[in-house]
Amino acid sequence: MTRTQLIKPRIRELLSRELPPELVRMIPKHWVRIGDVLILPLRPELEPYRHRIAEVYARVLGVKTVLKKGKIGGEFRETNYEVLYGKDTVTVHVENGVRYKLDVARVMFSPANVKERVRMAGVARPGELVVDMFAGVGHLSLPMAVHGKARVIAIEKSPYTFRFLVENIELNRVQDRMTAYNIDNRDFPGEDVADRVLMGYVVRTHEFIPKALSIAKDGAIIHYHNTVPERLMPEEPFETFRRTAEEHGYRVEKLNELVIKRYAPGVWHVVDDIRVFKR
Ligand SMILES: C[S@@+](CC[C@H](N)C(=O)[O-])C[C@H]1O[C@@H](n2cnc3c(N)ncnc32)[C@H](O)[C@@H]1O
């Protein structure tokens, strides 16, 4: 048996000594590990035992801190996860050879977006200029600088998240080709500069289409993310992008469309790769 196969029985065995059997059946079977911090989804029935449960998971899984999974929200897509065990919520997560330092209690890092982070590492080309309009800690654009050797301008509005973005550029030794700005992307002065624009945002991404178009060069590719109700698929989100682009004097060509994850019941997170041409 592998170590992973032994983990769940071990946790169950330890908690069976303290929790009633009906609650033991409810302990989490899945969790997310980011660096050495664990995010645990907990049912309300387990609340009175949450600190003890977290301690057992921490010991068995060998993590320094355990957080209770909560909601992600607001303009900065911040998490607000309760600390159940440990203190330090800042960690370095290594994925696909990229080092991401972040505060897991406050900054979102979705395991479901891993395929997209890996895909971006593969699409970037040496020397091309990528503008990441919603950089976070460098989720999507660090892999492009590290593996694709692309030049990157990373824009992040939240001052707290920005600190990690700056650290990650150094941690991954891409200072020679990646620069970060702590501004609202609508105030970015560059026009007609990018070979590729990243729009890794959800819910309100369509509001930023005109800005993305102005940053893009003629023939550039825009990676347009958004959340879409299932009943509007497959036309959306491309239809909104096409309409807005045409209103601003651009022609568009859809190259690719991928579903990233289920965002909420009946709502999907989708990304379209779109080439844009000035008319
Ligand atoms: C959800 S994170 C996404 C990170 C990454 N792009 C991804 O897809 O995994 C979006 C980031 O955009 C930032 N943001 C939101 N509005 C912004 C704006 N107007 N200008 C610059 N950054 C913004 C948020 O603070 C947040 O860190």
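For ligands, and for the atoms within them, numbers begin at 1 and follow the listed sequence.
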I need the atoms of ligand 1 closer than 4.0 Å to a non-hydrogen atom of L140, numbered in the order shown.
6 (N), 7 (C), 8 (O)
Residue and atom name of the nearest protein heavy atom (relative to atom 12 (O) of ligand 1), distance in Å to one decimal:
F134 CB, 3.4 Å
Nearest to atom 19 (N) of ligand 1, what protein heavy atom do you find, and at what distance?
D184 OD1, 3.2 Å
Tell me which protein heavy atom sits closest to atom 22 (N) of ligand 1, plus the residue, atom name and distance to 0.1 Å.
K157 N, 3.2 Å
Option passing side chain to side chain contact (heavy atoms under 4.5 Å, CB included) with E246 (candidates H248, R243, R242)
R242
Going by the 4.0 angstrom heavy-atom rule, the piece of R77 near ligand 1 is side chain
Check whether the side chains of N185 and K157 place a donor and an acceptor atom closer than 3.5 Å, and report yes or no.
no
For ligand 1, is there an atom lying under 4.0 Å from some heavy atom of F208?
yes
Only pairs at least two apart or in different chains count here, so list each ring-ring contact (aromatic ring centres under 6.0 Å, His included) that has a residue in residues 96-143.
H93-F109, Y100-F109, F109-H139, F134-Y201, F134-F208
Main-chain N/O of G127 paired to R151 side chain as donor or acceptor, under 3.5 Å
yes
Taking only non-hydrogen atoms of G136 and a 4.0 Å limit, the atoms of ligand 1 in range are 27 (O)
Under 3.5 Å, side chain of R12 to main-chain N/O of P9, donor-acceptor pair present?
no
Tell me which part of M133 gets within contact of ligand 1: side chain, backbone, both or neither, using heavy atoms under 4.0 Å.
backbone
Which atoms of ligand 1 sit under 4.0 Å from any heavy atom of I183?
20 (N), 21 (C)
Is it the side chain (CB and beyond), the backbone, both or neither of V202 that lies under 4.0 Å from ligand 1, heavy atoms counted?
neither
T65 side chain to D88 side chain, donor-acceptor N/O pair below 3.5 angstrom
no
Any nitrogen or oxygen of A135 lying under 3.5 Å from a nitrogen or oxygen in ligand 1? Just yes or no.
no
Number the atoms of ligand 1 from 1 as they appear, then name those within less than 4.0 Å of a heavy atom of G200, with their elements.
3 (C), 5 (C), 6 (N), 8 (O), 10 (C)
From the options D272, I222, D273, select the one residue that forms a side chain to side chain contact (heavy atoms under 4.5 Å, CB included) with L255.
D273
Are any of the N/O atoms in R117 less than 3.5 Å from those in ligand 1?
no
Hey, does D132 come in under 3.5 Å of ligand 1, counting only N/O atoms on both sides?
no
Among all protein heavy atoms, pick out the one at the shortest distance from atom 24 (C) of ligand 1; state its residue, atom name and that distance to 0.1 Å.
E156 OE2, 3.4 Å
Assess whether atom NZ of K115 is packed by more than 12 heavy atoms of other residues, nucleotides or ligands within 6.0 Å.
no
Relative to the heavy atoms of M108, which atoms of ligand 1 are at a distance of less than 4.0 Å?
1 (C), 2 (S), 3 (C), 4 (C), 9 (O)
Backbone N or O of N96 within a donor-acceptor pair of the H147 side chain at under 3.5 Å?
yes
Is there side-chain contact between F241 and K254, with heavy atoms separated by less than 4.5 Å?
no
Shortest reach to atom 5 (C) of ligand 1 by a heavy atom, considering only E116, H139, H269:
H139
Which heavy atom of the protein is the closest neighbour of atom 15 (C) of ligand 1, given with residue, atom name and distance?
E75 O, 3.3 Å
Between NE2 of H51 and NZ of K68, what distance do you get to the nearest 0.5 Å?
9.5 Å
Keeping the roles fixed (side chain from R196, backbone from V123), state whether a donor-acceptor pair exists under 3.5 Å.
yes
Of the backbone atoms (N, CA, C, O) and the side-chain heavy atoms from C-beta on, which set of N185 has a member under 4.0 Å from an atom of ligand 1: side chain, backbone, both, or neither?
both
